[in-house]
2 protein chains.
Amino acid sequence: MTDLKTDILLIGDCIEVLRSLPDKSVDMVFADPPYNLQLGGDLLRPDNSKVDAVDDEWDKFSSFAAYDAFCREWLTECRRVLNDEGSIWVIGSYHNVFRLGAAIQDLGYWVLNDIIWRKSNPMPNFKGTRFTNAHETLIWAAKSREQKRYTFNYDALKAFNEDTQMRSDWTFALCTGEERIKGEDGKKAHPTQKPEALLHRVLLAATRPGDVVLDPFFGTGTTGAAAKRLGRRWIGIERDPDYAKVAEKRIKAVRPAAPEDLMVMGSKKAEPKVAFGALVEAGLLSPGDVLYCPKGEREARVRADGSLVSGALSGSIHKLGALLENAPACNGWTYWRFRTDNGLRSIDALRAEVRAGMQ
Amino acid sequence: MTDLKTDILLIGDCIEVLRSLPDKSVDMVFADPPYNLQLGGDLLRPDNSKVDAVDDEWDKFSSFAAYDAFCREWLTECRRVLNDEGSIWVIGSYHNVFRLGAAIQDLGYWVLNDIIWRKSNPMPNFKGTRFTNAHETLIWAAKSREQKRYTFNYDALKAFNEDTQMRSDWTFALCTGEERIKGEDGKKAHPTQKPEALLHRVLLAATRPGDVVLDPFFGTGTTGAAAKRLGRRWIGIERDPDYAKVAEKRIKAVRPAAPEDLMVMGSKKAEPKVAFGALVEAGLLSPGDVLYCPKGEREARVRADGSLVSGALSGSIHKLGALLENAPACNGWTYWRFRTDNGLRSIDALRAEVRAGMQ
DNA sequence: GGCAGAGATGAATCAATTA
DNA sequence: GTAATTGATTCATCTCTGC
């Protein structure tokens, strides 16, 4: 795994190339497969200009069954290539996302969320025959129901979202203007280029710096560009050499962020563990000291081994808190207070002192 | 078809009852099937209270295959029962919506849109392990790709949406408070009651007054209540007699809107535009409610799509205000009042409420 | 009566590590 | 493998209680 080549664009059929990659070698997959749009004839705007639709050969499949078979193949290979803490992201619209989602479930993946990309500037429905199709859907899935660990930077996203949990609906503008890559003829280089902001959020949410991100439908390389910018490694697969060329050039021009700028809000789960007894060892608390519950009406005495005793009851800070509150569980660190000259203070503050001293 | 019994709740297994209905006898189907949630053990909130989860037997299936088989059966019957200009609406979450969507496509239906119900007040993810699951998905489909005619009140929806095309993402609050039906024990009568505003919009979009709406998973009858209110006929199928009893009582209490209030905007050119449909949708105003001008000597009635009518005149809140005042323009939001126990109050206050609820 | 604060609750696939 | 231990974790809204 250490000799896996990354930051590389592999040109070829996505299933064939996927087969050449080793088992459990990547941390995340982002896939933006053909949507199998099944368009009818040309569509004209009210001013009679023609809508530049996705009518490329790579988006044509003979039937739902053919599309399903194709998707199940690449999804199977992606599952093999993902390591056991990895996850996959797939994007689609109502044309294909139900096929994708059902395949993902059938292959043993476990869906974690579906995410809505709300487009702030969608193309209107010119004929007035349906609702403006103003969103696309992403599916985020782990490798299996049994997989308990997957990267999710919960606290980073919460901070991003003004200290409220990030929701399953995200709003971004379409990829237009400067960001939209044009060919020499001034026309868009790829019909379905995704906004880099979307990939930025996906990578921020579900990878860590240095992780390897695989994109089996690389196109003009939005995933690679966002990965490089965010200090993630990437592997792209693309069949069309023209798209690949655009992607290579684009990614080359990306300047990665400085490592210190890649720091995100850390999870408390990841912080070093401190035993309550260490506070006694460090002399921050002494055997015999009295701790109080938040409202102050219950108390307990600290014993030399870091256990607490209150009347006939005793146990760890957590266990005794739960017992006294008659609750199924209790976080003793946030529950217990100790007396200071300025009133009661949480023992969690003492833990922070110990942690600071550990660095 | 003329002797089809409507405004009726049929108690029994949904597939068996569906089989008893004649071909091509209904204009729309709205289906809120079991989601097959596959929950694990209990979930505790941070305050150690238990989440009241959907753990009913009716939501349990032995496998995806069993769930698929069930859905394909009722979806097949629904397609048979729909007339040739009919359409179907199905609601689900990421647990089941991919199965539903794939089945809908496989059975020959033609997807017209997928619609996102963005919840303004979703339940958080208490453990911080995923994104807040803040939406559900509706699928709207015609009977076949070849079907060219289906009811879609484009202009009414556009009027509803402040003269902009209605998009595929809709924001509504959960069904709580007064609207949420409680049993004698004070607990919710049904675990998954949908907000009536959601049904209001669906029915307004895809049916006409007098149309027959079939709901094969009637539950506590939100579809029937919204249908009756909007002057649509309904047929409900529900297996559980207890739910059925609640539904019957609920629908009996609904007062239908007067037929003249169910008029919606016709062709774009023929009628002026409207702008405040969300208030009607939210139940802050009802079709038939009377609005007054600042001095109180002029009045107008609210229609289901948010347009106003006053004598021979009708139009948006802005246009009708201008007409009645013989002014070149008028801000309807500050012009119109509605009656409260404490006298007249500006509709702009209601807009503020809707806005607050949507953030 | 009005307002502040506490409590309840909604379709939820909801922990990780050590013994 | 299972069992016990540690300890991390919530948003918007509506109802109820108390002053």
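A note on names: the letters A, B, ... follow the listed sequences, proteins ahead of strands, and every chain is numbered from 1.
As judged by a 4.0 angstrom heavy-atom cut-off over every strand, B/N133 is placed among residues touching the sugar-phosphate backbone only. At a threshold of 4.0 angstrom between heavy atoms, the contacts of A/A275 with the nucleic acid are absent. Heavy atoms of B/G41 sit under 4.0 angstrom from at least one base atom. Using a 4.0 Å heavy-atom criterion, one finds that B/K194 contacts the bases of the nucleic acid, with or without backbone contacts as well. Counting any heavy atom pair closer than 4.0 Å across all strands shown, A/R145 reaches no nucleic acid atom. Residue B/T192 is classed as a base contact, given a heavy-atom separation below 4.0 Å to a base.
If you look at B/F217 and B/W74, their ring centroids are closer than 6.0 Å.
Note: CG (B/L174) to C1' (D/dT15) measures 16 Å, nearest angstrom.
By the 4.0 Å N-to-carboxylate-O rule, A/R99 lies close enough to A/D68 to be salt-bridged with it.
One donor-acceptor pair, N or O on each side, does fall under 3.5 Å between the base of C/dT13 and the side chain of A/W110. With hydrogens and angles ignored, no donor-acceptor pair under 3.5 angstrom links the side chain of B/K119 to the base of C/dA11.
Cation-pi geometry between A/R339 and A/Y292 is met: the NZ or CZ atom falls under 6.0 Å from the ring centre, inside 45° of the normal.
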